[in-house]
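Taking it in order: structure first as structure tokens, then the write-up.
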Amino acid sequence: MTAIDEPGAVADPSLDGPAVGVIVVAAGSGTRLGAGIPKAFVSIAGSTVLEHALGPVFRLRDAVQVVVVVPADRVGEAETIGRRAAGKAADHLRVVVGGDTRQSSVLAGLAALWPGVRTVLVHDAARALTPTEQFERVIDAAARTGWGVVPGLPVTDTIKRVDASALVEQTVDRAALRAVQTPQAFPRDALVAAFRVAEDRLAAATDDAALYADAGHPVLTVDGSETAFKITTPWDAQRAERLLADRDRAQEVGARPTSTIRTGIGIDVHAFADDGELSLAGLSWPGERPLAGHSDGDAVAHAIIDALLSAAGLGDIGSMFGTDDPRFAGASGEVFLRAAVERLHAAGFVVVNVAVQLVGNRPRFAPRRTEAEGVLSALVHGPVSIAATTTDALGFTGRGEGVTAIATALIERR
């Protein structure tokens, strides 16, 4: 590993520049993507991964210095891409050569920061769809606390700890787990010192926050984003292509009205079945009759999905998850809802609020209303309210044959 330069040893000698620097690490080979070139230079939806990654950085409300770290044979190409992404802010951009490891590449970025930079963000170019709001959230938290800050998502899969022979030893409580993303923010001097500690110990870490925490510094988590996934495999690249296409389509549709606020409505109806367990409003209801359907029949979740997609002009649940697709047989409403919100965010929208009217005799909803609203609000990243009513024994819901859910959604372009 190369020796660590003192902070500010390279570049503009002025102390009047931005207080925040963003190091975009784009020096990886990308072998798993199978494109034959470093993945930061692979084209997705008409632009390189690197250009997609730089766009949100240059939309930040306050000026930052941007240092892009690339392989030695890609410096010229990266400078062209960077200038195109930066536009009139190209004087805030610098491209440097990375090393053989992530740590050596970050070191190269640190050495290129201006003297006035006090807070450093380290970001993976492969997380090309990371929204500007995530950068802002990390920067604000770092400024408020003076700590290291990382964005992360709650872990939704059940996690098992296994031994060397792959036998399960225990189930890990996922409530205390986060799947960590980038950008990760740190006080500059403390990060440089942490790299010195790691260099002395010949230590390696899977991310910069691990190295920073290992040096004894606190690290805070803030909310991450479903769209800030890492483009690593061909499947990831296809997913990114689809999300970018959805965003462009929504922007094209949304260019006609002048308002940034849009509304949508969704309706879902399911009959009761005989076998299984009821899933409704993101909750399991032991002892209640289940709802029939190709998936879990969660009418509330499905109605919310249609309301969100219709508001954004992104189709409906049937176009996203066909009933003839065996992959979605028995899938939970949570799976569909997360995917719909991901597309919504990729299209440039956030949820303002969702309201749902549930119609049916059962289950008795009031005792679990607050619980359901909390679960669904977390899934859509916005407030969800649910009201429940009956039809005074009229119609199929009145006869106890099933339930109806009607949802309205208000969304806003970011």
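For clarity, every value in this text was computed on a predicted model and none was experimentally measured.
For the pair T182/V122, no side-chain contact is recorded, criterion being any heavy-atom separation below 4.5 Å from C-beta on. The shortest distance between side-chain heavy atoms of P131 and H345 does not fall below 4.5 Å. Side chains of R289 and L278 form no contact here, defined as non-hydrogen atoms less than 4.5 Å apart. Using a 4.5 Å heavy-atom threshold, the side chains of W147 and V219 count as separate. A heavy-atom distance below 4.5 Å is not found between the side chains of V106 and V69. The closest side-chain heavy-atom distance from I267 to D306 is not below 4.5 Å. At least one side-chain heavy atom of E277 sits less than 4.5 Å from a side-chain heavy atom of P286. Proximity of V354 to L376: side-chain heavy atoms (C-beta onward) are nowhere separated by under 4.5 Å.
Scanning all heavy atoms of the two residues, the minimum distance from A228 to T130 falls at CB-OG1, 3.4 Å. The shortest heavy-atom contact between P151 and G224 is CB-CA, 3.9 Å. Closest of all the heavy-atom pairs between H92 and P18 is CD2-CG, 3.8 Å. When all heavy atoms of A40 and T48 are compared, the pair lying nearest together is O-CB, 3.7 Å. The two atoms that bring T232 and D236 nearest to each other are N-OD2, 2.9 Å, heavy atoms only. Across P183 and H123, no two heavy atoms sit closer than the pair N-ND1, 3.5 Å.
Of the possible donor and acceptor atoms, one in the side chain of T132 sits under 3.5 Å from a partner among the backbone N and O of P56. Remark: side-chain polar atoms of T263 are paired, donor with acceptor, to backbone N or O of A409 under 3.5 angstrom. With hydrogens and angles disregarded, no donor-acceptor distance shorter than 3.5 Å links the side chain of T227 to the backbone of A346. No donor-acceptor distance shorter than 3.5 angstrom exists from the side chain of R174 to the backbone of I159, with no hydrogens or angles considered. With R262 contributing its side chain and I411 its backbone, the two residues share no donor-acceptor pair below 3.5 Å. Judged by distance alone, with hydrogens and angles left aside, the side-chain atoms of E241 form a donor-acceptor pair with the main-chain N or O of A45 at under 3.5 Å. Remark: side-chain polar atoms of R137 are paired, donor with acceptor, to backbone N or O of D223 under 3.5 angstrom. A donor-acceptor distance shorter than 3.5 angstrom exists from the side chain of Q65 to the backbone of W114, with no hydrogens or angles considered. Not one N or O on the side chain of Q181 forms a donor-acceptor pair closer than 3.5 Å with the backbone of L153.
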Inset, instruction - Any chance you could lay out the side chain to side chain contact (heavy atoms under 4.5 Å, CB included) test for V57 and L121, step after step, and finish with the verdict? - result: CA-CA 11 Å; V57 179; L121 273 65; over 6 Å; no
Inset, instruction - Assess whether salt bridge (Lys or Arg N to Asp or Glu O under 4.0 Å) is satisfied between R338 and E334, documenting all intermediate values. - result: CA-CA 6 Å; R338 285 189 182 278; E334 177 181 327; 3.4 Å; yes
Inset, instruction - Could you give me the CA-CA distance, side-chain angles and deciding distance for K39 and D124, then say whether salt bridge (Lys or Arg N to Asp or Glu O under 4.0 Å) is met? - result: CA-CA 11 Å; K39 61 185 170 185; D124 293 334; over 6 Å; no
Legend entry - Audit row: Q184, V138, side chain to side chain contact (heavy atoms under 4.5 Å, CB included) steps and yes/no: CA-CA 7 Å; Q184 301 182 354; V138 169; over 6 Å; no
Legend entry - H52/L244 under side chain to side chain contact (heavy atoms under 4.5 Å, CB included): CA gap, chis, key distance, verdict: CA-CA 10 Å; H52 287 302; L244 289 165; 3.7 Å; yes
Inset, instruction - For the pair L337 and D298, evaluate side chain to side chain contact (heavy atoms under 4.5 Å, CB included) and give the outcome as yes or no after the intermediate values. - result: CA-CA 11 Å; L337 197 50; D298 188 337; over 6 Å; no
Legend entry - Working for salt bridge (Lys or Arg N to Asp or Glu O under 4.0 Å), residues D208 and R102: CA-CA 9 Å; D208 305 288; R102 178 187 178 81; 2.7 Å; yes
Which atom pairs, donor and acceptor, lie under 3.5 Å between side-chain atoms of residues 378-388 and protein residues at least two apart or in another chain?
none

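Ring planes of F336 and H302: tilted class, angle from 30 to 60°.
In this structure, CG in D140 is found 11.5 Å from CD in E133, a value given to the nearest 0.5 Å. Residue I305 holds its CD1 atom at 13.0 Å from CG of L314, rounded to the nearest 0.5 Å. Residue I231 holds its CD1 atom at 4.0 Å from CD1 of I44, rounded to the nearest 0.5 Å. For the atom pair L54 CG and R59 CZ, the distance stands at 10.5 Å (nearest 0.5 Å). Taking CG of L50 as the reference point, atom CD1 of I81 lies at 5.0 Å (rounded to 0.5 Å). From E79, atom CD reaches atom CZ of R84 across 13.0 Å, with rounding to the nearest 0.5 Å.
Residues that satisfy the ring-ring contact (aromatic ring centres under 6.0 Å, His included) test with F186, not counting sequence neighbours, are Y212. Every residue meeting the ring-ring contact (aromatic ring centres under 6.0 Å, His included) condition with F365, not counting sequence neighbours, appears here in chain and number order: W285.
Summarising the local packing, CG of D275 is surrounded by 12 or fewer heavy atoms from other residues, nucleotides or ligands at distances under 6.0 Å. Remark: D100 CG is loosely packed, at most 12 non-hydrogen atoms of other residues, nucleotides or ligands lying under 6.0 Å away.
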